[in-house]
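Read the structure below first, then the notes.
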Amino acid sequence: MAAAIGMEVREVQIAAAQQYVGLMAGDPLGVSTPEAGVVIAHVPGMTPADMPKVQELLNHWASTSKPEA
């Protein structure tokens, strides 16, 4: 389907998930990097201020991750 409409597969997957479960999916916290993409499913209209636990979790993961050798 993605090829037929000229979109990236990931964009089509996110749109389908949003339509199916009614959630938005993306990186509302702006924490994705070239090395790691972050996708958060959330209720439409939520802002980063509404997601302090998600930010806390991401900070914890970032502080405990081990660098690759």
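Here, residue 1 is the first one in the sequence, and each next residue gets the next number.
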Exercise for the section: Give a yes or no on whether V39 and V9 share a hydrophobic cluster (residues Ile, Leu, Val, Met, Phe, Trp, Tyr; joining criterion: side-chain heavy atoms under 4.5 Å apart). Expected result: no

Handout entry: Results of side chain to side chain donor-acceptor pair (under 3.5 Å) for E56 - residues two or more places apart only
Key = none

Handout entry: Sub-4.5 Å side-chain heavy-atom contact between I40 and V38
Key = yes

Practice task
Any pair with a residue in residues 10-30 that passes salt bridge (Lys or Arg N to Asp or Glu O under 4.0 Å), sequence neighbours left out, goes on the list, sorted by first then second residue, please.
Solution key: none

Below 3.5 Å, can you tabulate the donor-acceptor pairs from side chains in residues 46-54 to any protein atom, sequence neighbours excluded?
| from | atom 1 | to | atom 2 | distance (Å) |
| --- | --- | --- | --- | --- |
| T47 | OG1 | A49 | N | 3.4 |
| T47 | OG1 | D50 | OD2 | 3.2 |
| D50 | OD2 | T47 | N | 2.8 |

Show me, pair by pair, the donor-acceptor contacts under 3.5 angstrom made by side chains of residues 14-24, not counting sequence neighbours?
none

Practice task
List the steps, then state whether side-chain contact (heavy atoms from CB on, under 4.5 Å) holds for Q55 with N59.
Solution key: CA-CA 6 Å; Q55 183 68 56; N59 288 340; 3.0 Å; yes

Problem - Pairwise distance CG(L58) to OG(S32) - rounded to 0.5 angstrom - result: 9.0 Å

